[in-house]
Amino acid sequence: MDDIQVVESKPLLVDKDLQGLREAVQQLVIKEHDVETPHGRIHCTMKGVPKGDRPVILTFHDIGLNHKTCYDTLFNHEDMHEIMQHFAVCHVDAPGQHEGANTFSTGYEYPSMDQLSETLPLILKHFGLKRVVGMGVGAGAYVLAKFALDYPAMMEGLVLININPCAEGWMDWAAHKITGWTHAMPDMIISHFFGKEEINQNHDLIATYRHHILNDMNQFNLHLFVKAYNSRRDLEIERPVPGTIVRTLKCPSLLVVGDSSPAVDAVVECNTKLDPTKTTLLKMADCGGLPQVDQPAKLTEAFKYFIQGMGHMPAASMTRLVRSRTASGSSVHSFDGNRSRSHTGEGSRSRSHTGDHQRMRTQSQSADAANNSNVEPAVLKSTEVSC
């Protein structure tokens, strides 16, 4: 038998390299699933592996978009990588809205917004999930809010971008009907995304999204989804008053809207109907109709704070947002740096902005401060952020 000399060699991977590999593998684990539900097959994309007792981030997109066009800019942003190392993400596509979706047969009954929310518990069951942190935009925000109202134990927190919790009024219905006679569906969706100023001034952006809606989305399926959203019911939420039981969100909620978004009034109205002790309104200055695309760095920073508030990621790095607390108990958050930003969504676009000394300031009235000043809890204002 030949003698075998064992020579000590350096390990292939040191701890630092191993950690880097784990993170790289984590980013590469992407699995697509078609989940069967009573309301049709739902296409889901799980990115990462759920970790122990941590919730998974559950997203739902807006009309005219799918999970990629709605969220890729945000979740691919460098500042989001730290969050992605801690949480898996489950992207949900509404029926028939994902890339390469087959056209529904004539006579197919598209699920209502209420029925779409009823598919989410089945999706969680499919992946073995108990709790999630929801992030929705527009129609997706409505679906996740409805899910949180019906299944509060499953929703740990909510980020609601451009949410409208109200049913479409008859004036809106009439406007959509008239618009439908004279304009193509892409223009209707564009006006849902963006305000008049952005439509009139940012022609490249508008052309990019119109091209996406026309060429990347299944037109028949999209029409059904838009019709379902325009037929939504009022969520019937009310701000809680001591001594009464009302229907409202029980989890921490972050409402987000750009200051030039057509959804501003609806989001502000929604804020008045939620528990002020659990709700933050983030109103982004110099921001268009899609904050997750327009200002992903700001939104990521706010999302980190939101997650920390729920007890996760206590050591997360905060590079842009500086927190301080005044003697009165109000909290102040400031963004340092300039307003320059580039956009890498469906098409590249960039806008530079002056005002390096502009800052985001949040002034909220804490419960302790309210008690010290004999203010009734019922009239407390939720945290309002303007940046």
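Just so you know, residue 1 is the first one in the sequence shown, and it goes up from there. All heavy atoms count here, side chains included; hydrogens, waters and symmetry mates do not.
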> So L144 and L120, side chain to side chain contact (heavy atoms under 4.5 Å, CB included) or not? Walk me through it.
Replying inline: CA-CA 9 Å; L144 290 178; L120 298 182; 3.7 Å; yes

> Once you round to the nearest 0.5 Å, how far does CG of D62 lie from CZ of F225?
Replying inline: 7.0 Å

>> For E198, is there any backbone N or O sitting under 3.5 Å from a side-chain donor or acceptor partner on N202?
In response: no

> Centres of the Y209 and F194 rings: under 6.0 Å?
Replying inline: yes

> Just how far is it from atom OG1 of T248 to atom CD of E238, taken to the nearest 0.5 Å?
Replying inline: 8.5 Å

>> Less than 4.0 angstrom from a charged side-chain N to a carboxylate O is my criterion; do D93 and R41 meet it?
In response: no

>> I'd like to know if the side chain of E32 reaches the main chain of T45, judged simply by a donor and an acceptor atom lying under 3.5 Å from each other, with no hydrogens or angles considered.
In response: no

> Between M310 and F87, is there a shared hydrophobic cluster once you connect ILVMFWY residues whose side-chain heavy atoms come closer than 4.5 Å?
Replying inline: yes

> Should Y108 and L222 be regarded as members of a common hydrophobic cluster, given that ILVMFWY residues are connected when their side-chain heavy atoms come within less than 4.5 Å of each other, either directly or indirectly?
Replying inline: yes

>> Could you tell me if the side chain of C90 sits less than 4.5 Å from the side chain of F127, heavy atoms only?
In response: yes

>> Nearest 0.5 Å, please: how far is CZ in R233 from CG in D114?
In response: 4.0 Å

>> How long is the straight-line distance from CE of M155 back to CG of L58, given to the nearest 0.5 Å?
In response: 6.5 Å

> Side chain of Q97, backbone of N221: donor and acceptor closer than 3.5 Å?
Replying inline: yes

> Do P38 and L122 touch side chain to side chain, with heavy atoms closer than 4.5 Å?
Replying inline: yes

> Near D53 CG, under 6.0 Å, is it more than 12 heavy atoms from other residues, nucleotides or ligands?
Replying inline: no

> Are D187 and R210 close enough, and set up right, to give a salt bridge (charged side-chain N to carboxylate O under 4.0 Å, His left out), and what steps lead you there?
Replying inline: CA-CA 7 Å; D187 293 322; R210 180 177 284 110; 2.5 Å; yes

> Does the ring centre of H312 sit less than 6.0 Å away from the ring centre of H86?
Replying inline: no

> Side chain of T300, backbone of P296: donor and acceptor closer than 3.5 Å?
Replying inline: yes

>> Counting C-beta onward and ignoring hydrogens, is there a side-chain heavy-atom pair between V92 and I123 closer than 4.5 Å?
In response: yes

> Do N162 side-chain atoms and G289 backbone N/O form a donor-acceptor pair below 3.5 Å?
Replying inline: yes

> Do L249 and V268 belong to the same hydrophobic cluster, where Ile, Leu, Val, Met, Phe, Trp and Tyr are linked whenever their side-chain heavy atoms lie under 4.5 Å apart, directly or via other members?
Replying inline: yes

>> Less than 3.5 Å apart, any donor N or O on the side chain of H98 or N66 sitting next to an acceptor on the other?
In response: no

> From M84 CE over to K47 NZ, what is the distance, rounded to the nearest 0.5 angstrom?
Replying inline: 4.5 Å

>> Using the rule given for side chain to side chain contact (heavy atoms under 4.5 Å, CB included), can you reason through E269 versus T272, listing the C-alpha separation, both sets of side-chain angles and the distance that settles it, and then say yes or no?
In response: CA-CA 5 Å; E269 175 68 15; T272 65; 4.0 Å; yes

>> Please tell me whether V246 and L235 are part of a single hydrophobic cluster in this structure, the criterion being side-chain heavy atoms less than 4.5 Å apart.
In response: no

>> Go through it in stages, so that I can follow the logic: the residues are K273 and C166, the test is side chain to side chain contact (heavy atoms under 4.5 Å, CB included), and I'd like the CA-CA distance, side-chain angles, deciding distance and then a yes or no.
In response: CA-CA 11 Å; K273 298 180 178 182; C166 301; 3.8 Å; yes

> Going through the distances and angles, do F306 and T280 end up as a side chain to side chain contact (heavy atoms under 4.5 Å, CB included)?
Replying inline: CA-CA 9 Å; F306 182 68; T280 298; over 6 Å; no

> Quick check: does any side chain N or O of Y71 sit under 3.5 Å from a backbone N or O of Q292, one acting as donor and the other as acceptor?
Replying inline: no

> Hey, is the main chain of H223 close enough, under 3.5 Å, to the side chain of Y110 for a donor-acceptor pair?
Replying inline: no

>> Main chain of I83, side chain of K304: is a donor-acceptor contact present, judged purely on distance under 3.5 Å?
In response: no

> Among the clusters formed by ILVMFWY side chains lying less than 4.5 Å apart, do I189 and F220 turn up in the same one?
Replying inline: yes

> Do the side chain of S260 and the main chain of C287 share a donor and acceptor less than 3.5 angstrom apart?
Replying inline: yes

>> Does any part of the side chain of L129, heavy atoms only, come nearer than 4.5 Å to the side chain of P50, both counted from C-beta?
In response: yes

> Got a donor-acceptor contact below 3.5 angstrom from the R247 side chain to the I237 backbone?
Replying inline: no

>> Working to the nearest 0.5 angstrom, can you tell me the gap between K68 NZ and H212 NE2?
In response: 11.5 Å

